[in-house]
2 protein chains.
Amino acid sequence: MSPRRVTLADVAKAAGVSRTTASLVLSGRGRELRISQDVEQRVLRTAEELQYRPNIVSRGLRTGTTRTIGFVSDTVATSRLAGDMIKGALEAARDRGFMLIIGETEGDAELERLLLQAMHDRQVDGLILASMFTRTIKVPKAVTTAPAVLLNALPKQPAPLPAILPDEVEAGRRAARVLLDAGHRDGIYLIGVGPRLRDVPAESLAAVERLVGIRAALGEAGVKVAGARTCPDWQPEYGLSATRDLLRTVRPRALICFNDRIAMGAYQALDDFGLKVPADVSIVSFDDHPIASWMRPQLTTVALPHYELGRKAVDVLFGEIGRDRSAGDGAGEVHRVPMPVRHRESVAPSSGADAGG
Amino acid sequence: MSPRRVTLADVAKAAGVSRTTASLVLSGRGRELRISQDVEQRVLRTAEELQYRPNIVSRGLRTGTTRTIGFVSDTVATSRLAGDMIKGALEAARDRGFMLIIGETEGDAELERLLLQAMHDRQVDGLILASMFTRTIKVPKAVTTAPAVLLNALPKQPAPLPAILPDEVEAGRRAARVLLDAGHRDGIYLIGVGPRLRDVPAESLAAVERLVGIRAALGEAGVKVAGARTCPDWQPEYGLSATRDLLRTVRPRALICFNDRIAMGAYQALDDFGLKVPADVSIVSFDDHPIASWMRPQLTTVALPHYELGRKAVDVLFGEIGRDRSAGDGAGEVHRVPMPVRHRESVAPSSGADAGG
DNA sequence: ATCGGGCGCTAACACGATTTAGCAACGGAG
DNA sequence: CTCCGTTGCTAAATCGTGTTAGCGCCCGAT
């Protein structure tokens with residue numbers, strides 16, 4: 001049925017040279033090893049005519065490199081995060097002629113072991129260990145077999161692995177600054193965590209870092225958080241109940257919601273109380289989930305740079321592949337990717353005192 | 001640094017047999033080829049002790065099979081669809097010891113060519129060509145090199161490729177039946193397409209099939225669609241404007257929205273007009289997008305079975321890999337995956353006449 | 001005439017598995 | 001004693017590429 005693949009031997013034969021010569025020419029080492037212009041041209045032309053493509057499997061056997069990297073995540077299905085992150089990784093890899101083998105562990109250590117084994121069996125040139133929400137993970141022993149980076153995660157025990165993470169602290173500062181720039185100084189409440197640094201979900205790095213950034217930026221402006229409501233889980237229903245709870249006692253001027261799903265619940269609660277966004281209450285949030293631009297008014301939010309995270313992971317991984325890892329310098333480096341603000345419609349200038357200083 | 005991989009030769013040497021014998025035993029052909037119990041046990045035990053794992057790259061060179069399948073989609077980032085589809089494919093593949101190499105074309109034919117080439121270079125055992133929204137696609141010539149299936153797509157020109165699609169016609173029937181079962185017979189409007197069969201977006205298979213199903217089920221119950229509003233794109237903003245437009249002239253009792261994003265817009269429009277879901281207007285929709293369960297009231301919708309689609313694609317692909325493709329029987333078969341109804345809160349019994357027959 | 005050396009290319013091995021062909025030993029039949 | 005068939009294993013080829021070592025030729029120098 002399908003015609004047999006054309007191989008290096010075919011090209012060599014057709015060009016009237018040895019396999020060695022053909023190989024040298026096609027790997028670009030012809031000049032270096034004194035192959036004549038004449039022969040070089042003939043081989044190149046023949047390869048072109050026959051549409052020769054080197055067999056990567058064979059090359060992999062010989063050289064040990066398969067031009068393939070493994071992307072292992074806890075789950076690829078939850079949230080849209082995975083998609084953009086994979087897309088970024090995919091494109092960065094493609095730029096270098098690499099492909100991605102993907103797998104998901106669902107948080108199961110045994111599954112993870114099998115998966116890493118399967119990737120090792122296929123001789124991947126590097127590994128990306130990704131988490132779908134920012135957190136610390138236990139690095140499996142098996143990853144020492146190939147260069148590896150952590151994506152959206154930090155190692156639980158200190159490990160010589162680079163990590164790529166969104167810059168959540170700066171994101172917190174930016175969210176706060178959006179409100180400050182609009183003149184808000186009073187009645188700023190948090191929905192999701194806080195107000196104290198210990199009032200955050202245990203596993204979530206993002207929560208504590210965002211909070212740190214928010215408090216820093218507000219503090220520098222001499223502004224204090226008026227109050228906060230925590231959410232057991234960052235889902236719309238809890239954003240709704242937390243905001244309702246808040247509205248029973250106070251009238252906030254601005255809310256910083258710790259993610260967009262919470263903000264969605266907050267919108268519903270405000271609507272219940274007859275309050276308008278942003279006229280009565282300004283809202284700024286985090287993540288830039290797709291719903292953020294579907295909500296009315298459209299939500300101003302600090303975006304998780306999923307695509308850039310994926311790209312960066314691949315870039316760092318290639319640095320790692322090239323590096324002599326026994327040297328160990330700069331091994332556990334943490335790379336922070338900036339989170340951009342998406343200015344939309346949910347923030348209005350403070351109607352109160354424009355009292356600047 | 002990392003200790004060299006243990007190879008078949010190592011096992012053979014340690015067990016005091018030839019590589020051939022070790023290979024035969026480990027591939028389970030020992031009995032068949034008269035290897036003694038004694039030797040067989042020794043080899044198995046040695047392999048176990050040394051933690052031998054066959055190198056798939058090497059095996060791939062010899063046998064031509066890499067236990068890897070290629071998943072090519074137009075895009076993996078848009079919508080959550082990709083995630084669950086890939087997840088389903090991933091798990092079905094893993095059940096058979098296969099891994100997925102993924103790539104995306106972004107609708108670019110040249111990119112697609114390069115991608116298929118790259119997968120061919122890596123000797124994938126099969127290909128899944130996936131589309132992120134149901135449509136007809138031009139099947140690239142290159143796919144004839146390996147067994148392939150279409151996922152969420154039909155071939156534009158007749159091609160001997162199996163296709164896996166959601167059962168949209170039946171989904172349309174189910175959506176209609178949800179309303180009929182609740183007693184609705186009058187004031188049923190469509191948002192997104194229709195009312196005529198030609199009032200649908202050109203590229204979208206789902207639109208026309210859903211409409212066919214809706215009309216069939218309603219027709220069988222002797223019910224007619226009261227009216228419809230089309231949307232240029234199935235996004236919340238168009239759902240909003242279409243529904244507003246509708247509400248300016250009539251008071252519907254029920255809406256069938258052609259997807260959840262449109263339904264989100266419809267919710268907003270109904271809210272603007274002071275109408276309550278489901279007390280005043282029942283709504284049923286399609287897709288089961290994550291937002292469907294975040295909306296208030298939660299949206300009743302007919303779900304796209306992404307996970308099952310992914311699984312099914314892999315199952316069919318393995319059938320294809322096993323089959324003698326030169327036979328050509330059952331080549332272009334179309335597999336339909338049922339779309340389940342997610343009963344939630346947006347449909348209420350018709351407050352009008354309970355007049356059944 | 002002989003030797004050394006640069007030039008241009010190739011023979012041969014290696015990678016790690018699978019698979020074909022066949023070898024050595026043994027026992028029984030003639 | 002010879003021949004043949006069976007048993008139990010192994011040598012060697014193979015897949016397609018990369019890489020090392022080296023071969024033959026020609027030219028110039030001695």
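The sequence lines fix the lettering, A, B, ..., with proteins before strands; numbering per chain opens at 1. The shown structure was predicted, so the numbers you read here are calculated from the model rather than taken from an experiment.
Judged by atom type and distance alone, Thr20(B) reaches the base of dT19(C) through a side-chain donor-acceptor pair under 3.5 Å. The base of dT18(C) is not paired with the side chain of Arg59(B) by any donor and acceptor separated by under 3.5 Å. Between the side chain of Ser18(A) and the base of dA11(C), no donor-acceptor pair of N or O atoms lies under 3.5 Å.
Among the atoms of the strands shown, only primed sugar atoms or phosphate atoms (P, OP1, OP2) are found under 4.0 Å from some heavy atom of Val39(A). At a threshold of 4.0 angstrom between heavy atoms, the contacts of Leu8(A) are confined to the sugar-phosphate backbone, with no base atom among them.
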Subject >> Residues Asp125(A), Thr65(A); criterion side-chain hydrogen bond (donor to acceptor under 3.5 Å, both in side chains); working and verdict >> reply: CA-CA 6 Å; Asp125(A) 297 328; Thr65(A) 149; 3.2 Å; yes
Original post:
Given the rule in the salt bridge (Lys or Arg N to Asp or Glu O under 4.0 Å) test, do Asp38(B) and Arg42(B) qualify, once you have shown the distances and angles that lead to the verdict?
Top reply: CA-CA 6 Å; Asp38(B) 176 39; Arg42(B) 201 162 70 233; 3.4 Å; yes
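For dT18(C), the OP1/OP2 oxygens have a side-chain nitrogen or oxygen of Ser23(B) closer than 4.0 Å. Distances shown here put a side-chain N or O of Ser36(A) below 4.0 Å from the OP1 or OP2 atom of dC9(C). Neither OP1 nor OP2 of dC15(D) sits under 4.0 Å from any side-chain N or O of Ser58(B).
Under a 3.5 Å cut-off, the side chain of Arg67(A) and the backbone N or O of Arg96(A) do form a donor-acceptor pair. Side chain of Ser36(A) to backbone of Val39(A): a donor-acceptor contact under 3.5 angstrom is found. With Asp108(A) contributing its side chain and Thr105(A) its backbone, the two residues share no donor-acceptor pair below 3.5 Å.
If you check dT10(D), dT10(C), dG18(D) against the side chain of Val17(A), the one that comes closest is dT10(C). Which of dG8(D), dT17(D), dA13(D) sits closest to the side chain of Arg19(B) comes down to dA13(D). Considering only the side chain of Thr21(B), dC9(D) comes nearest among dC9(D), dC9(C), dG18(D).
Gln37(A) has its CD atom 10 Å from the P atom of dG8(C), to the nearest Å. Lys13(A) has its NZ atom 15 Å from the P atom of dT10(C), to the nearest Å. Atoms CG (Leu61(A)) and P (dG18(D)) sit 11 Å apart, rounded to a whole Å. Residue Ile35(B) contributes atom CD1, which lies 9 Å from atom C1' of dT10(D) at whole-angstrom precision. Rounded to whole Å, the distance from CD on Glu32(B) to P on dG8(D) is 15 Å. When rounded to the nearest whole Å, the span between CG of Asn55(A) and P of dA17(C) equals 17 Å. At whole-Å resolution of the value, CZ in Arg122(A) and P in dG16(C) are 18 Å apart. Straight-line distance from the CG atom of Leu26(B) to the P atom of dT19(C): 13 Å, rounded to whole Å.
Along DNA chain D, the nucleotide nearest Gln123(B) and the nucleotide nearest Arg42(B) are compared for position; the residue whose nucleotide lies closer to the 5' end is Arg42(B). For the pair Arg29(B) and Leu24(A), nearest-nucleotide mapping onto DNA chain C gives the more 5' position to Leu24(A).
For the helix from dA1(C)-dT30(D) to dG30(C)-dC1(D), the end axes, each set by the C1' atoms of five terminal pairs, are bent relative to each other by 90° (nearest 10°).
Applying the 6.0 Å contact sphere to CD of Glu110(A) captures more than 12 heavy atoms from other residues, nucleotides or ligands.
Minimum interatomic distance between Ala22(A) and Leu8(A) (heavy atoms only, all atoms of both residues): CB-CD1, 3.7 Å.
In this structure, the ring-ring contact (aromatic ring centres under 6.0 Å, His included) partners of Phe318(B), at least two apart in sequence or on a different chain, are Phe98(B).
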